[in-house]
Amino acid sequence: MANQWKKLKQPSSLSLSSSCLFLSLLSFASLFLFFSIFNTSHQTNSVKNKVLYSKSCIFTDGQWIYDASINSPRYDNSCKEIYKGWSCIGSKKSNALDIVKWRWKPYQCDLPQFDPLSFLHRFRDTNIGFVGDSLNRNMFVSLFCTLKRVSGDVKKWRPAGADRGFTFLKYNLTISYHRTNLLARYGRWSANANGGVLESLGYKEGYRVDVDVPEGTWAEAPSFHDILIFNTGHWWWAPSKFDPVKSPMLFFEKGDPVVPPLSPDRGLDMVLKYMIAYVDKRMRPATTVFMRTQSPRHFEGGDWDQGGSCQRPQPLSPQEVEELFSLKNNGTNVEVRLVNQHLYRAFEGTKFHILDISHMSEFRADAHPSTAGGKKHDDCMHWCLPGLTDIWNDLFVAYLSNVEDRT
């Protein structure tokens, strides 16, 4: 062996040539191995993504798991965009820090927490708009606070008639919130002294709802945004606002009253039909549009003005969910499933994707501001921030990936 080593050490041209050839082969083999490993890793990640966002995985079919390893929320109450009544940490709600320790686990896959920095890179030069009531603002604020934690260079403005909006300057990513309660334009209506169709039917006052006219706050949104998330529902079942006797909804189409007058649920169907057509006609060619399903309320012992409360310290069981939300029971919180019936029927076969947050949220009776909301009654409708709507945004990002995989 020693002699062989000495021979190799001899400076002959043949041995040098052999050495060079050996080194070349070794380098080639190393490069081949590196790219093979890289390609295998890439393929593995692709497979994982396909499994994660597979059509066979139903994100809404799962359970809440308490994860004690979650030590801190993804943002805190220092985010100034959080409405005071939703800042449960700031208001020292007893379970405020426990709320974020519950993780939604679909049965057939995982729903990971979205990475805000990756989101900013991925949606560079993109406009994202939330259109709807205060529950969509809840979701908008959650997304803003999560992104601001990693990118603080922000311009505040109100694009396309938005109630509020921000651009993350480094990425030219704009997110905005367009407030609208009914999607359609509406305002006070009073009987005309000269009479009319509604006056002849005995109506003296109410709210005029133009089913075919979008509210001005979001009319320009479809032509501005690349991604839109709509919601509506709570205000359609709000007798405190639209009292069926004292201040009913009076629906108008093409400027004329709809006769005979419609019930609110039928009015909702008409508004959804016109809204879908309006968005379809005016949105950008590559725009992705979502309709978010109804956010559940959790009033127990009565409605908000009847002493209802939401004092649960942890999520409901499946049995408790059915007791609280079953249409058969016709309880205080039945609107969530009633509204969803209208939404699913209206959006079937359209370009809209359904962002279904309802069932997973029905369990979370623990995640409302309750008495910490600062109101005279328990707030069992909006959600603590940080809290459940953070998971809605995880779901939103997963749905976006699912949509992209199919296009």
Side-chain angles (χ1 to χ4, degrees), residues 63-105 113 116 130 133-149 164 177 231 234 294-317 320-321 323-325 331-333 335-336 357-395:
Q63 61 183 331
W64 288 98
I65 297 173
Y66 187 80
D67 189 346
S69 68
I70 300 175
N71 296 318
S72 60
R74 58 188 76 181
Y75 54 89
D76 56 36
N77 57 307
S78 65
C79 181
K80 294 181 180 179
E81 192 62 15
I82 300 176
Y83 174 66
K84 184 179 179 180
W86 305 341
S87 181
C88 295
I89 294 175
S91 301
K92 296 181 170 54
K93 187 173 188 277
S94 59
N95 69 329
L97 293 176
D98 255 0
I99 288 173
V100 299
K101 291 182 181 290
W102 290 93
R103 178 172 56 86
W104 179 250
K105 174 64 176 71
Q113 177 178 320
F130 293 82
D133 58 31
S134 56
L135 274 303
N136 245 17
R137 179 181 173 185
N138 222 172
M139 185 178 177
F140 159 78
V141 173
S142 164
L143 179 63
F144 170 75
C145 291
T146 304
L147 298 178
K148 193 173 186 296
R149 190 76 179 264
R164 54 211 319 108
Y177 165 63
N231 96 291
H234 288 295
Q294 186 72 345
S295 172
R297 311 182 318 153
H298 286 88
F299 288 99
E300 296 185 75
D303 212 329
W304 67 271
D305 56 348
Q306 300 167 347
S309 64
C310 44
Q311 301 292 333
R312 302 268 185 166
Q314 58 187 23
L316 301 174
S317 68
E320 290 169 328
V321 164
E323 289 173 7
L324 205 61
F325 296 104
T332 302
N333 308 288
E335 73 170 38
V336 60
I357 55 85
S358 299
H359 181 60
M360 66 186 299
S361 304
E362 286 178 341
F363 291 92
R364 297 307 305 273
D366 60 308
H368 297 285
S370 188
T371 55
K375 298 183 177 181
K376 294 180 179 179
H377 60 84
D378 276 22
D379 185 351
C380 305
M381 175 163 30
H382 300 100
W383 304 97
C384 293
L385 291 179
L388 176 65
T389 50
D390 302 334
I391 311 301
W392 291 3
N393 280 311
D394 293 339
L395 193 68

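Index from 1, following the sequence.
Counting only distance, with no hydrogens or angles, the side chain of Asn333 and the backbone of Phe299 share a donor-acceptor pair below 3.5 Å. Side chain of Arg149 to main chain of Arg74: a donor-acceptor pair is present (N/O by atom type, distance under 3.5 Å, no hydrogens or angles). For Asn136 (side chain) and Asp133 (main-chain N/O), no donor-acceptor pair under 3.5 Å exists by modelled atom type. Judged purely by atom type and a 3.5 angstrom limit, His368 uses its side chain to pair as donor or acceptor with the backbone of His382. A distance-only check finds no donor-acceptor pair linking the side chain of Arg364 to the backbone of Trp64 [under 3.5 Å].
Across every non-hydrogen atom of Pro116 and Leu147, the tightest pair is O-CD2, 3.7 Å. In terms of heavy-atom proximity, Ile357 sits nearest to Ser361 at O-OG, 2.5 Å. Looking at every heavy atom in both residues, Lys93 comes nearest to Pro369 through CE-O, 3.4 Å. Of all the heavy atoms in Asp378 and Cys310, the pair that sits closest is OD2-N, 3.3 Å. Among all heavy-atom pairs drawn from Pro386 and Tyr75, the shortest one is CA-OH, 3.2 Å. In terms of heavy-atom proximity, Asp390 sits nearest to Ser142 at OD1-OG, 2.5 Å.
Heavy atoms from other residues, nucleotides or ligands lying under 6.0 Å from NZ of Lys84 number 12 at most.
Relative orientation of the His377 and Trp304 rings is tilted, given thresholds of 30° and 60° on the angle between their planes.
Taking the ring pair (Phe, Tyr, Trp, His ring centres under 6.0 Å) definition, one finds that His234 meets it with nothing, sequence neighbours left out. In this view, Asp98 and Tyr66, Asn95, Lys101 satisfy the side-chain contact (heavy atoms from CB on, under 4.5 Å) rule, not counting sequence neighbours.
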For this session: Please test Glu81 against Arg164 for salt bridge (charged side-chain N to carboxylate O under 4.0 Å, His left out), starting from the C-alpha separation and ending with a verdict.
Result: CA-CA 10 Å; Glu81 192 62 15; Arg164 54 211 319 108; 2.3 Å; yes
Problem set entry | side chain to side chain donor-acceptor pair (under 3.5 Å) assessment of Ser295 paired with Trp392 | CA-CA 10 Å; Ser295 172; Trp392 291 3; over 6 Å; no
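With rounding to the nearest 0.5 Å, the separation of SG in Cys145 from CG in Asn77 is 10.0 Å. Between atom CD1 of residue Ile99 and atom CD1 of residue Ile70 there is a gap of 12.5 Å, rounded to the nearest 0.5 Å. From Arg297, atom CZ reaches atom CG of Asp379 across 10.5 Å, with rounding to the nearest 0.5 Å. Note that CG of Asn138 is 11.0 Å distant from CZ of Phe130, once rounded to the nearest 0.5 Å. Atom OH of Tyr177 is separated from atom CZ of Phe140 by 9.5 Å, given to the nearest 0.5 angstrom. The line from CG of Asp394 to CH2 of Trp104 is 13.0 Å long, rounded to the nearest 0.5 Å.
Side-chain atoms of Asn393 and Met139, non-hydrogen and from C-beta on, do get closer than 4.5 Å to each other. Using a 4.5 Å heavy-atom threshold, the side chains of Leu385 and Val141 count as touching. For the pair Leu395 and Met360, the minimum side-chain heavy-atom distance is below 4.5 Å.
Checked against a 6.0 Å centroid threshold, the rings of Phe325 and His298 count as neighbours.
No side-chain donor from either of Asp303 and Thr332 sits under 3.5 Å from a side-chain acceptor of the other.
Between Glu300 and Arg312 there is a salt bridge, since at least one side-chain N of the basic residue sits less than 4.0 Å from a carboxylate O of the acidic one.
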